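Sequence lines set the chain letters: A, B, ... in the order given, protein chains first and strands last, and positions in each chain run from 1. Because the structure is a prediction, the values reported are computed rather than measured.
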2 protein chains.
Amino acid sequence: MTEQQRRPTLMDVAHAAGVSRALVSIVMRGAPGAAESTRQKVLEAARELGYRPDSRARLLRSSRTRLLGLSFFSAHAFHAEIVDAAYAAATSRGYDLALSAVASGRPETLAVESLLDFGSAALILISPTLSHQDLAAYAGQVPVVSLLRDDVGDPVDSVSSDDHAGVRMAVDHLTGLGHRRIVHVDGGIAVSAEPRRAAFRAEMDRHGLAARIIPGGPTEEDGLRAARTLGEDLPTAVIAFNDRCALGVIESLRADGLKVPDDVSVLGYDDSQFARLSYLQLSSVSQDAPLLAAAAVDRAVDRIEGAQTPAHVVRTPHLVVRKTTAPPRAG
Amino acid sequence: MTEQQRRPTLMDVAHAAGVSRALVSIVMRGAPGAAESTRQKVLEAARELGYRPDSRARLLRSSRTRLLGLSFFSAHAFHAEIVDAAYAAATSRGYDLALSAVASGRPETLAVESLLDFGSAALILISPTLSHQDLAAYAGQVPVVSLLRDDVGDPVDSVSSDDHAGVRMAVDHLTGLGHRRIVHVDGGIAVSAEPRRAAFRAEMDRHGLAARIIPGGPTEEDGLRAARTLGEDLPTAVIAFNDRCALGVIESLRADGLKVPDDVSVLGYDDSQFARLSYLQLSSVSQDAPLLAAAAVDRAVDRIEGAQTPAHVVRTPHLVVRKTTAPPRAG
DNA sequence: TTGGGTTTCTAGATCGTTCTAGTGGCACCA
DNA sequence: TGGTGCCACTAGAACGATCTAGAAACCCAA
């Protein structure tokens, strides 16, 4: 089969229905100005021919594109959850989503350029690693919304979660349970690792406790490696940079014959899908990624549709206590 | 800031460089037919104005789009690895990639339509769940390549892995170690669950062993639930539908105080990123997803550039033995 | 019947490119 | 001198839609 037939155009539909191109255009985009009877006739003809409007031509003419560009990291499973939520939010506001992944041989600039090439009316970047300068340059062309990173300079919007509040909740939760020797396995150079590190220091200080921080990273291996360096001086609780890192920590402890949470409590960050897995039941700070995604989409659409000044939305995270945190072993 | 300045066009560059639009076009796409001196002059002017070709207009005019549409499941972490590889393959053949995810409220048809709207010259669908009829309909419009599913009807290409061979390797590996009581936790209604189930039955038969199959699924929870039903009659080895399912099985066994691989060997499928995690070290059947992705891209490009008849590429998987399979406990 | 208002429909310009069919200039050679 | 071929360049028509301005059809009151 596979007849490489030329795909039908407005012209063809118009001809088949015996009306002008303009009228078909009116009908196809549901604009007012067509009699109900002809509207039906046109739709019928379109369906018959298998007509599908050419979005390139459509976009070219009417520069309002109703298209949001979203960049994400293919290696970051957590980002997939956000993509999911963003789709829902975008369609509910009548926009389509163009996706572009930051992958191994594909730097973020390339991903963003590609989104621009598709004619995105605005960009939503998840945890962007770009410089303020780069971000500003893009913001000069279209509205840019940074998701999960707030340190992005003036001209770009941001929708993020209050890292300090999140870490405070984590520390309060653990100290509330009676922990005093708490370690933070940090995120290394990952986005938002620095604010969480600082918040941990401040919060431990506030409680009059020593803030011990171990270099980590965003992956299981990072958590694993970090936990191995704990050595003799075992804490009673660990706050990991994120859930994957927490999992690495847990596995390392397990390998040493330690029980979580009996011997050591472990707290994650992100409340990602797998934190909820029944065998893990990881306590975690939830940033409510789906809500953040929706907020980012809203912000982007608002900017497209007129809002002038960039805004910086910060949401307060909340704690989800599951089975990996408990009071420290008595004694 | 955010000056919503009109973005410069060919016209502007032409005017600035004192040449015609057509010549600028020639220079911008690196076509022959421009003197080196003017070429430099034009490039200079373009750079100065911050000119960026409008891909919509460009695509509209030259219907060769150099764009591949790729659909994937946002919930399937494994698909992200394929996306990654597909990017590399696509760029190496000079094509760009349009991504579209199948997400919670977003059925596969919607994802595919959206790719078509972007003007994809061909579609690559990862583990498509569409009917033969739907697939054929799309294949009538553009070349369609199914990745990781081969039962897709005549008019669409497929690039997949030989499931029977994979399962044979798995069974041979385990029987070779001395296992005789082997269970398959299947994939339920997931794509390619059926062929693997059938292959397991056939291969166990060939070895003169009883093929015990337990209903499972593609997620950790499925594996967990399935493993719980093993009850008293414990096998010495389990072949899981995929790696995530295998992880669920392992965790369930662990929870019962059993050791992997000492008490029970567990084999995964996919050799996904996390199978390689140092604390897991999951033995797994590798489909070489990156290679498959590259093959799919190649196939799609070949079809776009002239190949007429659809092909069905089948690659042979290979076994990656790590630490979750071992000889059965003596006795 | 006329006239004004509304609704329905159409012709033609337009978006920013690429492509086709030239034009003009220069060098070479008979 | 003039023909031929080549190179650099250009004018203008596409591509397939939307948009603007205005024509045609219709309705109803005067």
Side-chain angles (χ1 to χ4, degrees), chain A residues 4-43 45-46 49-67 96 116-121 141-142, chain B residues 4-43 45-46 49-67 96 116-121 141-142:
Chain A
Q4 219 61 333
Q5 66 222 349
R6 193 179 55 80
R7 91 189 236 181
T9 74
L10 265 194
M11 194 65 140
D12 301 321
V13 178
H15 199 254
V19 296
S20 72
R21 276 171 317 145
L23 188 55
V24 178
S25 169
I26 287 172
V27 171
M28 290 319 290
R29 69 196 131 97
E36 190 50 35
S37 61
T38 46
R39 192 175 287 271
Q40 289 309 326
K41 193 172 56 182
V42 168
L43 287 175
L49 291 175
Y51 170 73
R52 146 189 309 279
D54 184 327
S55 72
R56 298 164 290 175
R58 167 176 279 183
L59 295 186
L60 173 58
R61 180 57 234 237
S62 65
S63 31
R64 289 178 318 154
T65 67
R66 306 203 76 71
L67 182 67
D96 202 356
L116 249 23
D117 281 345
F118 283 136
S120 306
Q141 304 188 44
V142 293
Chain B
Q4 219 61 332
Q5 68 223 350
R6 195 178 56 79
R7 82 191 243 181
T9 73
L10 267 193
M11 192 68 138
D12 301 322
V13 178
H15 198 255
V19 296
S20 71
R21 276 170 315 147
L23 187 55
V24 178
S25 169
I26 287 172
V27 171
M28 291 319 291
R29 69 196 129 96
E36 190 50 34
S37 61
T38 46
R39 193 175 287 271
Q40 289 308 326
K41 192 173 56 181
V42 168
L43 286 175
L49 291 176
Y51 169 73
R52 149 193 304 280
D54 184 327
S55 74
R56 297 166 288 176
R58 166 175 280 183
L59 294 185
L60 174 58
R61 181 57 238 232
S62 65
S63 32
R64 288 179 319 153
T65 66
R66 307 203 76 73
L67 182 67
D96 202 355
L116 249 23
D117 282 344
F118 283 136
S120 307
Q141 304 188 44
V142 294

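- Between T9(B) and D54(B), the closest side-chain pair of non-hydrogen atoms is not below 4.5 Å.
- The closest side-chain heavy-atom distance from F118(A) to D96(A) is not below 4.5 Å.
- Nearest heavy atoms, V42(B) versus V13(B): O-CG1, 4.1 Å.
- Summarising the geometry of L60(A) relative to A57(B), their closest heavy-atom pair is CD1-CB, 3.7 Å, with the distance given to 0.1 Å.
- Distance CG (L10(A)) to C1' (dT18(D)): 9 Å, rounded to an integer number of Å.
- Interatomic distance, R58(A) CZ to R66(A) CZ, rounded to the nearest 0.5 Å: 10.5 Å.
- Residue side chain R61(B) does not reach the base of dT17(C) through any donor-acceptor N/O pair under 3.5 Å, judged by distance alone.
- One interatomic measurement links the two molecules: NZ of K41(B) to C1' of dA8(D), which rounds to 11 Å at whole-angstrom precision.
- In this structure, the CZ atom of R52(A) is 20 Å from the P atom of dC15(D), given to the nearest Å.
- To the nearest angstrom, P of dT18(D) lies 13 Å from CZ of R66(A).
- Using a 4.0 Å heavy-atom criterion, one finds that S25(B) contacts the bases of the nucleic acid, with or without backbone contacts as well.
- A sub-4.0 Å separation between OP1 or OP2 of dG16(D) and a side-chain N or O of R7(A) is absent.
- The CG-C1' distance, from D117(B) to dA17(D), rounds to 13 Å in whole Å.
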Any N/O pairs under 3.5 Å between the protein and nucleotides 4-10 of chain C? List them or say none.
unit_1, atom_1, unit_2, atom_2, d
dC9(C), OP1, T38(A), OG1, 3.3
dC9(C), OP2, A35(A), N, 2.9
dC9(C), OP2, T38(A), OG1, 2.9
dT10(C), OP2, S20(A), N, 2.7
dT10(C), OP2, S20(A), OG, 2.9

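- Across all non-hydrogen atoms, the minimal contact from A34(A) to I26(A) is CB-CG2, 4.2 Å.
- In this structure, L10(A) and Y51(A) have side chains that are in contact, with non-hydrogen atoms separated by less than 4.5 Å.
- Here the P atom of nucleotide dT18(D) and the CE atom of M28(A) are 9 Å apart, to the nearest Å.
- At whole-Å resolution of the value, CZ in R56(B) and P in dA17(D) are 15 Å apart.
- Overall bending of the helix from dT1(C)-dA30(D) to dA30(C)-dT1(D), expressed as the angle between end axes built from five pairs apiece, is 60° (10° steps).
- Within the structure, every pair that satisfies the side chain to side chain donor-acceptor pair (under 3.5 Å) test and touches residues 14-25 of chain B, not counting sequence neighbours, is listed here: S25(B)-R29(B).
- Rounded to whole angstrom, the span from the CE atom of M11(A) across to the C1' atom of dT18(D) amounts to 15 Å.
- The pair D117(B)-R52(A) counts as a salt bridge, with a side-chain nitrogen and a carboxylate oxygen less than 4.0 angstrom apart.
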